[in-house]
Each structure stands twice: as structure tokens, then as C-alpha cells.
Amino acid sequence: MTDTLHAPPPEDIKTDEMFINLGPQHPSTHGVLRVGLTISGEMITKAVPDVGYLHRGTEKLAEVRGYHHCVVLTDRWDYVAAMPNNLVFCLATEKLFNYQVPERAQYIRTIMCEMNRIASHLLFFGTYGIDIGAFTPFLYAFRERELVLDLFEQICGARLTYNYIRIGGVMVDVDDKWVAKCREFLEYFKPRLKEYETLLSYNPIFMDRTQTVGIISKEDAMTWGLSGPNLRGSGIDYDARKFEPYAAYDKVKFDVPLGKTGSCWDRYNCRVQEMYQSVSIVEQCFEQMKPGDFMAKGVAKVPKAPIGEAYAHVEGARGNLGIYLVSDGGQSPFRMHVRAPSFINLAILQESLVGKKVADVIAILGSIDIVLGEVDR
Amino acid sequence: MGIILEKLPGVTSALPGGELLLTTADTVIDWGRKSSVWPLTFGLACCAIEMMGAYASRFDFDRMGVIPRPSPRQADVMIVAGTVVKKMADPIIQIYHQMPEPRFVISMGSCANCGGPYWDSYSVVKGVDKIIPVDVYIAGCPPRPEALQYAVVKLQEKMMKMKLKNGFGAAPQQEKGSRDITA
């Protein structure tokens with residue numbers, strides 16, 4: 001499965017190019033993505049991602065919804081990690097309205113985003129195993145993921161679409177019972193992470209199938225505007241949590257895991273290492289958190305924004321997630337634009353798939369870790 | 001075997017050299033059909049994550065005989081898990097017709113039922129039942145994995161009511177005149 005160079009076919013064998021569709025119904029495209037592949041024998045000569053099979057028009061819908069209602073729409077972009085989506089919209093709105101978020105709410109937001117990053121990376125870990133051909137990691141990953149979802153369910157009543165982070169703070173305060181349960185989970189989770197490394201990360205078959213496949217150079221990663229673990233897998237040290245801290249990220253210490261070569265394995269490993277960092281961030285937040293308000297004072301039920309514009313971005317589970325809001329003074333945004341990391345990461349497929357073998361397509365596609373809800377919005 | 005046979009309307013009695021089972025052909029066929037409901041792995045949006053959760057370790061769909069199949073030609077039931085947008089409507093109809101008869105559809109979540117949070121969106125089909133006939137609806141955004149499993153239990157109850165004389169294979173809803181726009 002390694003990157004063999006294009007050897008020209010022998011003279012006496014007649015070859016022809018063939019067009020095949022990958023998707024929209026395909027178990028490994030993680031949703032409804034269609035990739036038009038032109039293949040010559042085993043080699044891919046052209047790849048065209050076709051998006052829009054899940055275009056729900058949320059940017060347009062935001063123009064008729066109130067600011068509080070828009071938070072509900074954000075849940076359903078990146079439904080695997082919905083908390084950062086909530087957060088980025090609230091950050092943009094708070095900039096627009098100039099609300100001051102209490103310190104405790106900042107910590108709770110950080111905890112929730114990191115727990116959701118764990119849940120999201122666990123899903124990636126499980127499904128990437130399936131993509132490569134190992135089914136067991138999926139069962140292990142979901143065992144732990146259910147525990148994270150239980151914690152979310154206990155705090156806000158939903159397993160996937162939380163609507164927990166609200167404009168000006170969070171929905172409800174976390175109580176001691178929840179904190180105790182969350183600490184218990186973290187203690188349980190740390191040895192499990194080591195188990196994953198022996199189970200999949202350093203599995204010789206898995207390494208053979210990913211370590212030399214889908215290499216994205218530093219220059220390419222920059223040129224295509226990648227972000228998140230895809231960018232860090234190529235060795236570029238950029239993380240919005242470090243460079244433009246929001247919530248309580250400036251008060252906690254954490255490392256940014258980097259890859260070396262930019263292969264599928266590096267991107268995969270970045271995500272696994274990030275889970276260690278997330279655990280440490282949540283623990284630090286518990287240490288530093290003090291009792292206090294969890295909601296800003298004076299947040300209107302039906303807010304009317306002052307005329308202006310605001311941009312906020314966070315480091316979501318998939319990359320740099322940004323929102324640009326324009327207000328004309330009404331009850332709903334005049335325009336909302338989403339900088340969706342999955343959509344931008346996906347674009348590199350048209351270059352990185354060319355010249356690879358058909359068997360590597362799913363390995364590369366899986367390692368980019370896209371969520372189609374965010375690609376199409 | 002004993003536990004399952006008790007549910008059939010047959011008579012079992014111990015005979016020398018074996019057991020005798022009296023039942024109708026309908027019951028045997030329906031029992032076989034409901035015991036191996038194979039869904040298509042067809043995730044559209046958020047609900048697909050809960051569908052994956054239902055297949056995974058805690059909820060374990062396998063114990064109900066539900067094993068996901070990647071090809072529509074091997075599947076019995078299509079779980080429409082997520083928002084159906086207009087661009088996806090054609091592929092869904094195509095996939096639906098690729099499935100062998102008898103075929104069933106579970107509409108999972110508010111989006112597939114009626115459009116859900118996207119009831120006023122320009123690009124969303126307001127309910128998958130506008131394009132293909134649906135057997136079971138599940139409410140929720142997204143529904144819990146238990147809700148999906150309950151939907152399969154309800155579908156199994158429906159399968160047990162299927163009769164040969166009503167046209168072998170056709171789903172009851174299709175006989176009444178479906179809203180299938182391409183058939």
C-alpha cells in the first residue's frame with residue numbers, strides 16, 4: 001500500500017481510464033460526500049469532491065432567527081463536536097453586544113469544549129479503525145464515548161445537540177456531583193488511552209497502511225489553508241487555543257502535539273495525543289475553578305444587536321472554526337458566515353488523492369476527518 | 001429453540017424420534033424475516049452518529065439480529081438518519097429501488113419526519129415520506145439509540161402481520177397506493 005511511483009504500463013497491455021463514484025452512499029465517506037474518481041488501473045488520475053448533499057441553508061436561516069435561536073442551528077454543523085460550535089457563535093455575539101462573561105462560565109466552557117474534543121476524537125479513532133479494516137477499536141472507542149455523552153446528558157439533557165453554551169454564559173452551573181463524576185471518568189480514561197496506542201497506533205498493519213500514505217507537506221498544508229490536527233500533523237505549530245486564547249485557555253498549560261512528516265499516521269497520532277492534552281486541561285480547570293456566576297448580567301431575552309460586525313474563531317475538534325456576523329440593528333443577524341474547517345480541509349483531496357492507489361483513498365479521506373454537516377452547513 | 005417456538009401459533013409436542021411443529025407458512029416466513037432485519041448503513045446527518053451508537057458496544061444492535069450492510073442490494077430496511085436535502089433526494093430514491101422487496105423504511109429524527117429545525121429552509125425536503133413510503137417514524141433531534149431499537153421492535157411487529165395472500169413481498173403501505181413518485 002505504499003506510494004509506488006507511476007510505472008508506465010507495459011507496451012502490450014492496453015489500458016483505459018474509468019470514472020467511478022465514491023458516494024454519496026458509501027459507508028466510509030462519513031456522511032454524504034461524493035468524490036468523482038477517474039482511475040487508470042489502480043492509480044487515481046483525477047479526484048473531484050462534490051459537496052452539497054447535506055446543504056441545509058443554515059447561514060440563510062440565521063437571517064430570520066433570533067440570536068438565541070441561532071445557537072440551536074450551530075449545534076448541527078459539526079454534530080460530533082457541537083460545544084465549540086455553540087461557543088464560537090456565542091463569542092461572536094458577545095463581541096457584537098459587548099457582554100462580559102463571568103469567569104466561572106469561561107472555565108465551564110473550556111471544560112465542555114475539551115470533553116467534546118475527547119468525544120469527537122474518540123469517534124475519529126473508532127471510524128478510522130473501520131476505514132483501515134480494524135473493527136474492534138470502534139467498539140472500544142464507543143464504550144468510552146458513551147461515558148462522555150452520559151456526562152453531557154446529565155448536565156444539559158442532550159447527547160449530541162447540546163445548546164448548552166448560551167450567549168453570555170452557559171445554560172446551568174455544574175454541581176459537585178457532576179465534577180466528581182467527570183473526575184472519575186478522567187481517571188478511568190487515562191489508562192484507556194494507553195490501551196488505544198497498543199491496540200491501534202503501533203499496530204504494524206495499521207502503521208504500514210498509514211505511515212507512508214497521504215503525505216501532505218508543510219507548504220501544501222499552508223497553501224490549502226488546512227487547520228486543526230491536519231495542519232499540525234504536517235508539523236506546523238498553530239493552535240488558536242494557544243495563539244489567540246479564548247475562554248480560559250490562557251490560564252491552563254498544555255502542549256500542542258505536532259506530527260513530523262504529514263502522513264495519515266501523523267494526523268491520526270495528533271488526535272490521539274490531543275486527547276491526553278484535553279484530559280490535562282479539564283483537570284487544571286477543575287483545580288482553578290471558583291464558585292460564582294455562570295451567566296452574564298443583562299442578557300436580553302430578545303436581543304437587538306447594535307449595528308456592526310464581529311468575527312470570532314475557536315479551535316474546534318476539526319480545525320479553526322470561525323463565524324463572521326454582521327448586524328443591521330435588527331433582532332437577527334443581517335448576515336452570518338461560517339469558516340468551516342472541514343470544508344476547507346476537504347479541498348486538499350483533489351490534489352492529495354491524485355497518483356495514489358484506490359486502496360489508499362479511504363485511508364486519506366478518513367484521516368482528514370471531515371463532518372459533512374460542517375462541510376455543507 | 002424452545003423459547004422462540006412458543007411464540008409461534010403452532011403446536012409442539014414431543015414425539016418419539018423428534019418434535020413436530022404445526023404452523024402456517026406466513027408465520028415461519030415472517031418469523032425468519034423479523035429475526036434478521038439488515039439495515040443499510042446510510043447515515044445522512046446527526047442521527048447517523050446515534051445510529052452508530054446503537055450498533056456499538058453499549059446498545060449492541062446485534063442482539064436483535066440487526067447487522068448493518070453496506071450495499072442496498074443486501075439490505076432489508078433503510079434507516080433514513082438525518083436531513084434529506086433536495087440534492088440527496090434523487091440518490092435516496094435510487095438507493096430505495098436498489099433494495100430487494102420486501103423493503104422497509106425507518107424515518108429517524110425530526111428532519112426525516114417533517115424537516116425538523118429546517119422546516120423553513122429552501123434546500124430541505126420536508127419529510128422523507130414525500131419521496132419514499134415510510135414504515136416507522138421516530139421522534140427526536142436526534143433520537144436516542146433506544147428509540148431506534150424500539151422502532152426496530154415496532155417494525156418486527158409489523159413484519160409479523162405480513163401475509164402471503166396480500167401479495168408476497170410488498171410492504172403493506174405500498175399496496176394501499178404509495179406516494180412513491182417514480183414507481
Side-chain angles (χ1 to χ4, degrees), chain A residues 21 23-32 34 50-61 64-65 69 72-73 75-82 119-120 122-123 126-127 130 135-136 138-147 149-150 153 158-161 163 371-374 376-377, chain B residues 39-60 62 68-72 75 78 80-92 94-96 98-99 109-111 115-125 140-147:
Chain A
N21 272 314
Q25 188 268 323
H26 188 278
S28 292
T29 53
H30 297 234
V32 280
R34 175 170 159 260
D50 178 14
V51 298
Y53 288 97
L54 194 55
H55 176 67
R56 305 188 272 201
T58 34
E59 286 183 8
K60 193 73 189 163
L61 284 182
V64 293
R65 303 274 204 272
H69 302 156
V72 179
L73 294 178
D75 272 327
R76 287 153 184 86
W77 299 332
D78 182 357
Y79 35 77
V80 182
S120 164
L122 277 175
L123 187 105
T127 49
I130 294 187
F135 189 78
T136 324
F138 173 72
L139 298 172
Y140 281 84
F142 263 71
R143 183 184 64 185
E144 270 77 68
R145 195 182 136 82
E146 289 293 338
L147 298 174
L149 297 189
D150 277 352
E153 200 184 350
R159 284 161 52 90
L160 273 190
T161 48
N163 192 17
V371 165
L372 267 295
E374 196 177 63
D376 295 334
R377 303 186 293 287
Chain B
L40 180 65
T41 51
F42 184 46
L44 286 171
C46 335
C47 295
I49 308 294
E50 290 295 67
M51 188 171 77
M52 282 158 74
Y55 294 131
S57 24
R58 182 185 287 182
F59 299 98
D60 192 14
D62 278 10
R69 306 304 304 175
S71 165
M78 179 156 112
V80 184
T83 319
V84 183
V85 305
K86 284 175 185 164
K87 191 174 179 182
M88 195 60 202
D90 274 348
I92 287 181
Q94 205 179 341
I95 291 163
Y96 178 74
Q98 283 174 356
M99 285 165 55
S110 300
C111 291
Y118 305 102
W119 59 275
D120 54 349
S121 172
Y122 56 88
S123 59
V124 173
V125 177
C141 187
R144 295 179 58 86
E146 290 99 322

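The chains referred to below are lettered A, B, ... by the order of the sequence lines, with proteins before strands, and numbering in each begins at 1.
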Original post:
Just wondering, do A:Thr58 and B:Tyr118 contact through their side chains at under 4.5 Å, heavy atoms?
Top reply: yes
Subject >> Interatomic spacing from SG in B:Cys46 to CG in A:Leu372 - rounded to 0.5 Å >> reply: 11.5 Å
Subject >> Minimum heavy-atom distance A:Leu139-B:Ser57, with the two atoms named >> reply: O-OG, 2.8 Å
Original post:
CD/B:Glu50 to CG/A:Leu149 distance, rounded to the nearest 0.5 angstrom?
Top reply: 7.0 Å
Subject >> Structural part of A:Val80 lying under 4.5 Å from a heavy atom of chain B >> reply: side chain
**OP:** Examine whether an atom of A:Val64 lies under 4.5 Å from a heavy atom of chain B, and if so say whether it belongs to the side chain, the backbone or both; otherwise answer neither.
**Re:** side chain
Original post:
Out of B:Asp120, B:Ile95, B:Val124, which one racks up the most heavy-atom pairs below 4.5 Å with chain A?
Top reply: B:Asp120
Original post:
Do you know the tightest heavy-atom contact between A:Phe138 and B:Met52?
Top reply: CZ-O, 3.7 Å
Subject >> Centroid separation B:Tyr122 to A:His55 less than 6.0 Å >> reply: yes
**OP:** Can you tell which part of B:Leu40 gets under 4.5 Å to a heavy atom of chain A, answering side chain, backbone, both or neither?
**Re:** side chain
Original post:
Is any side-chain N of the basic residue among B:Lys87 and A:Asp50 closer than 4.0 Å to the acidic one's carboxylate O?
Top reply: yes
Subject >> Positive for side-chain contact (heavy atoms from CB on, under 4.5 Å) with B:Pro117, one of A:His69, A:Arg76, A:Arg56 >> reply: A:Arg76
**OP:** Grab the two heavy atoms, one from B:Ile49 and one from A:Tyr79, that are nearest each other, plus how far apart they are.
**Re:** CG1-CD1, 3.6 Å
Original post:
Considering residues, nucleotides and ligands other than B:Phe59, do more than 12 of their heavy atoms fall under 6.0 Å from its CZ?
Top reply: yes
Original post:
Under a 4.5 Å heavy-atom cutoff, which of A:Leu123, A:Leu73, A:Leu160 has the most pairs with chain B?
Top reply: A:Leu160
**OP:** Kindly indicate whether the side chain of A:Asp150, heavy atoms from C-beta on, has any atom under 4.5 Å from the side chain of B:Arg58.
**Re:** yes
**OP:** Would you mind checking which part of B:Ala48 comes under 4.5 Å of any heavy atom in chain A, side chain (CB onward), backbone (N, CA, C, O), both or neither?
**Re:** neither
**OP:** May I ask you to name which of A:Arg145, A:Arg143, A:Arg65 has the most heavy-atom pairs under 4.5 Å with chain B?
**Re:** A:Arg65
Original post:
Donor-acceptor pair, B:Ser121 side chain versus A:Leu61 backbone, under 3.5 Å?
Top reply: no
Original post:
Within a strict 4.5 Å, meaning less than it, do heavy atoms of the B:Pro91 and A:Arg34 side chains meet?
Top reply: no
